[in-house]
There are 2 protein chains.
Amino acid sequence: MENKKENFSEWYNEIITLAELSDKRYPVKGMNVWLPYGWKIMSLIDSIVRRAVDKRNFQEVNFPILIGRSMLEVEFEHIRGFENEIYWVTKGGKEKLEEELALRPTSESAMYPMFSLWIRSHADLPLKIYQIVSVYRYETKHTRSFIRIREIHFFEAHTAHATYEDAEAQMEQYKEIWREISGQLCLPYFYDQRPDWDKFPGAMYTIAFDTVLPSGRSLQIGTIHQYGTNFSKNYDIKYLKEDGTFDYAHQTTYGMSERLLAAIIGIHGDDKGLVLPPDVAPIQVIIIPIPGAGVMEYARDVENTLNSINIRVKVDDRENYTPGYKFNDWEMRGVPLRIEIGEREVKNRTITMSMRNIQGKVTIERSKIIYEVPDMLIKIREKMMENAQKVFRDHVFRATKLEEFNREGLITAFWCGSKECSDRIEAETEKSALGFMVDSRETGKCVVCGKDGKMAVFSRSY
Amino acid sequence: MENKKENFSEWYNEIITLAELSDKRYPVKGMNVWLPYGWKIMSLIDSIVRRAVDKRNFQEVNFPILIGRSMLEVEFEHIRGFENEIYWVTKGGKEKLEEELALRPTSESAMYPMFSLWIRSHADLPLKIYQIVSVYRYETKHTRSFIRIREIHFFEAHTAHATYEDAEAQMEQYKEIWREISGQLCLPYFYDQRPDWDKFPGAMYTIAFDTVLPSGRSLQIGTIHQYGTNFSKNYDIKYLKEDGTFDYAHQTTYGMSERLLAAIIGIHGDDKGLVLPPDVAPIQVIIIPIPGAGVMEYARDVENTLNSINIRVKVDDRENYTPGYKFNDWEMRGVPLRIEIGEREVKNRTITMSMRNIQGKVTIERSKIIYEVPDMLIKIREKMMENAQKVFRDHVFRATKLEEFNREGLITAFWCGSKECSDRIEAETEKSALGFMVDSRETGKCVVCGKDGKMAVFSRSY
């Protein structure tokens with residue numbers, strides 16, 4: 001396998017192929033096939049997201065994929081942000097369509113004409129919906145599995161509120177949701193408020209969750225947007241207030257994609273292969289029988305016990321492979337915990353556990369597995385987060401002058417907020433402003449022009 | 001509400017709107033918005049399907065939506081079956097695409113080029129995959145929610161086997177899967193082998209699962225197809241046999257859509273609204289508090305208990321609605337079981353249950369709900385199946401001469417299998433041959449021409 005530190009890009013592509021996550025050989029450019037193992041991981045990520053939003057009263061919907069040109073063009077600056085990237089359906093059968101239809105690049109223009117019908121009075125607010133669907137971008141840049149592709153697996157939440165304050169409270173709730181999700185996926189991040197020239201087309205402002213891959217390049221893994229009344233004014237989303245007057249609804253959105261999977265692969269993997277957080281591992285515990293008397297029966301019994309407490313467990317009963325081969329195979333696929341069972345374990349009524357990300361083996365009593373295995377999965381997750389935080393910190397550097405921007409990673413520095421200063425930094429270091437750090441209150445002089453500034457993050461991004 | 005018996009079509013449309021299953025007002029023709037309640041029911045149907053195939057070693061994948069024209073046109077009669085119904089993407093941004101791309105009408109032509117790469121030797125077989133995705137048909141006929149639409153929510157399983165016998169065994173397994181699913185959805189059906197002129201384009205033969213709606217028209221709710229080597233020869237899907245020679249793989253598929261939901265609505269609903277089988281009800285048990293001392297606390301306690309045994313339960317705590325309004329509202333939405341809790345229940349430590357599809361109320365002890373509520377949900381399901389079977393039988397008529405084809409429903413009769421005789425029946429009665437009944441071994445003289453025939457089913461179909 002490629003060396004992750006030295007050839008991150010090659011390592012990344014190789015592990016996706018080896019672990020059978022997706023297949024790039026599909027004949028349409030920039031569109032990959034999700035293979036069973038990759039799709040299962042993504043579905044588990046989706047479940048985590050669903051749980052986090054469902055319990056906060058979001059409702060799942062599913063909107064059509066096709067959007068009429070007139071629906072998209074209702075609008076002002078929004079469409080201009082996408083017009084070069086839209087796939088257009090122009091024919092049905094052998095007929096030319098009366099109106100060209102876009103494959104959704106995102107769903108504002110599909111949803112908001114319906115919001116305008118659904119929202120009549122203050123009693124209809126807040127409206128909080130989401131969908132998990134594919135969106136489409138005719139990307140001209142170089143594509144990369146799970147990072148830059150033409151068919152994107154997309155989570156999009158859309159809300160409408162009576163007041164700006166309610167919409168701002170929603171933005172805070174998004175952060176709470178993200179904290180929960182990122183904890184389960186073991187992903188460290190910064191909150192950055194994107195500069196105006198880099199915000200979502202049509203938004204008042206955009207906050208991104210940015211992480212960093214071992215290549216030193218940043219990866220945007222989620223964004224939340226405050227729309228204010230920018231969209232509701234264009235799509236006529238009004239509600240009757242208690243005082244009898246009408247007002248436009250205040251809107252927000254939250255978007256994430258399979259970049260979550262890209263981040264998991266890139267941040268946690270090592271030279272043996274994937275390392276999966278237990279919450280998204282299709283197989284959390286793999287049991288490898290070391291051939292011997294009573295071993296298979298004992299292994300099945302342990303499997304049943306773990307199954308009964310909802311652990312995703314599997315006995316590798318393949319006959320033509322050695323235990324050694326199986327160890328390597330499941331390590332490569334990132335299974336968090338391995339249980340070895342041989343005659344010694346059967347005789348002593350024990351099991352022997354090896355963790356994907358923690359050195360050493362641990363032998364425990366058979367009778368305690370329903371406590372110790374779930375405990376160990378939590379320890380594995382904690383250790384993954386700890387390691388990821390360390391790698392993250394190792395890739396963040398504080399700079400006080402321009403020359404210090406050349407290190408590989410995220411650079412934090414004071415910045416005045418101007419495009420000129422960000423462009424100057426980019427010209428000299430290939431890094432540009434991700435934005436002001438939302439959680440920092442520090443102020444100081446811009447590292448380029450010396451004017452008053454705030455703490456910002458800069459990077460070369462994917 | 002419309003009268004179901006007298007105005008089935010109007011009743012069907014009305015209940016979809018009232019129960020908020022989907023919204024037809026979306027501005028692109030033939031494409032509807034899945035609303036939260038409808039989407040949740042469909043997702044529960046999908047879960048049932050997933051469980052049934054996962055445990056039989058099918059693996060879930062996800063293929064791109066776009067298919068190059070050259071991939072589709074690899075092929076012989078298959079494409080001709082769809083060419084008038086394909087949506088074509090011809091532009092990316094402002095550029096004309098080099099090759100036109102189809103929105104998948106079904107995924108053979110997307111998957112089989114990959115099968116050709118994946119399948120090398122007998123050890124790679126059987127290959128059993130499925131996906132749950134949207135497929136697209138530029139329908140020119142009149143559209144109808146969940147029955148005939150342009151964006152179809154689709155389950156498609158695809159398999160490849162070493163021999164024809166293995167593929168035939170897979171066809172039998174499909175029937176076993178369908179028996180399991182139809183039991184949970186409480187849907188009666190016939191297995192019909194479609195006439196050659198009505199089989200899936202490219203298949204050797206097609207067996208359909210047909211049910212009947214109260215309108216008397218039949219609804220195809222699933223199909224399984226034996227492809228033999230028809231596709232593998234065209235897509236070059238070959239494998240190395242143990243004897244060192246090569247052979248083409250034998251293939252099958254299984255398709256279903258949201259017509260499952262259409263059947264549930266049409267077959268089980270009544271003049272009060274939906275009646276949902278417990279396995280697909282987003283809310284299986286609704287608790288209605290009748291205001292009084294200690295009622296809400298008691299209701300929450302019952303809710304927690306039912307939650308803990310994985311029953312989908314909800315307390316209707318809305319303050320501005322009367323219990324009577326709530327009874328009607330949840331009946332309309334098809335909730336299988338209602339629990340009423342008032343001061344009397346609190347005092348006596350009981351609950352009072354009403355079933356959506358069984359007359360009368362039942363009062364049970366609070367301490368027994370974890371046994372009696374799940375039991376009652378099973379009884380509700382059994383009763384739904386029993387009723388549905390009865391309605392099904394009431395719509396099936398045996399005919400021995402042409403004049404008897406005029407009854408509203410499915411007609412069974414002996415048929416020689418010729419298109420001429422089916423056309424003659426259609427010309428005189430608007431009913432045409434669904435096909436020979438797979439489970440019947442009866443033989444007799446064709447009801448039209450008098451030649452030797454087998455038992456067949458005829459209907460006017462959706």
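Letters A, B, ... mirror the listed sequences (proteins, then strands); counts begin at 1. A quick note: this is a predicted structure, and the numbers were derived from the prediction, not measured. Side-chain atoms are counted along with the backbone in the values below, which use heavy atoms only and exclude waters and symmetry mates.
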The salt bridge (charged side-chain N to carboxylate O under 4.0 Å, His left out) partners of A:Lys96 (sequence neighbours excluded) come to none

If you tally heavy-atom pairs under 4.5 Å between each of B:Glu60, B:Lys40, B:Gln59 and chain A, the highest tally belongs to B:Glu60

Given B:Gly38, B:Pro27, B:Gly93, the one with more heavy-atom pairs under 4.5 angstrom with chain A than any other is B:Gly93

Of all heavy-atom pairs linking A:Pro64 and B:Asn32, the shortest is CG-O, 3.4 Å

One option among B:Glu99, B:Lys94, B:Met42 has the most heavy-atom pairs under 4.5 Å with chain A, and it is B:Lys94

Under 4.5 Å to a heavy atom of chain A? For B:Ile65 that would be both

I want to check something: taking the side chain as every heavy atom from C-beta on, are B:Tyr26 and A:Met71 in contact at a cut-off of under 4.5 Å? yes

Scored by heavy-atom pairs under 4.5 Å with chain A, the best of B:Leu103, B:Val61, B:Asn62 is B:Asn62

Of the listed B:Thr90, B:Ile67, B:Leu35, the one with the largest count of heavy-atom pairs under 4.5 Å with chain A is B:Thr90

Please test A:Lys91 against B:Glu100 for side-chain contact (heavy atoms from CB on, under 4.5 Å), starting from the C-alpha separation and ending with a verdict. CA-CA 10 Å; A:Lys91 289 198 300 185; B:Glu100 295 188 350; 3.1 Å; yes

Cut-off 4.5 Å, heavy atoms of chain A, and the answer for B:Glu95 is side chain

Okay, B:Trp88 and chain A: the region with an atom under 4.5 Å from a heavy atom over there is both

Interatomic distance, CZ@A:Arg50 vs OG@B:Ser43, rounded to 0.5 Å, equals 6.5 Å

Among residues 120-153 of chain A, residues within the sub-4.5 Å heavy-atom range of chain B, in order of number, are A:Tyr136, A:Tyr138, A:Glu151

Pair count under 4.5 Å, heavy atoms only, with chain A: among B:Ser22, B:Ala110, B:Pro113, highest is B:Ala110

Okay, B:Ala102 and chain A: the region with an atom under 4.5 Å from a heavy atom over there is neither

Can you check side-chain contact (heavy atoms from CB on, under 4.5 Å) on A:Trp34 and B:Phe63, steps first, answer last? CA-CA 6 Å; A:Trp34 284 93; B:Phe63 270 74; over 6 Å; no

Whatever's closer than 4.5 Å to a heavy atom in chain A on B:Met114 counts as side chain

For A:Val28 and B:Leu66, the nearest pair of non-hydrogen atoms, with its separation, is CG2-O, 3.7 Å

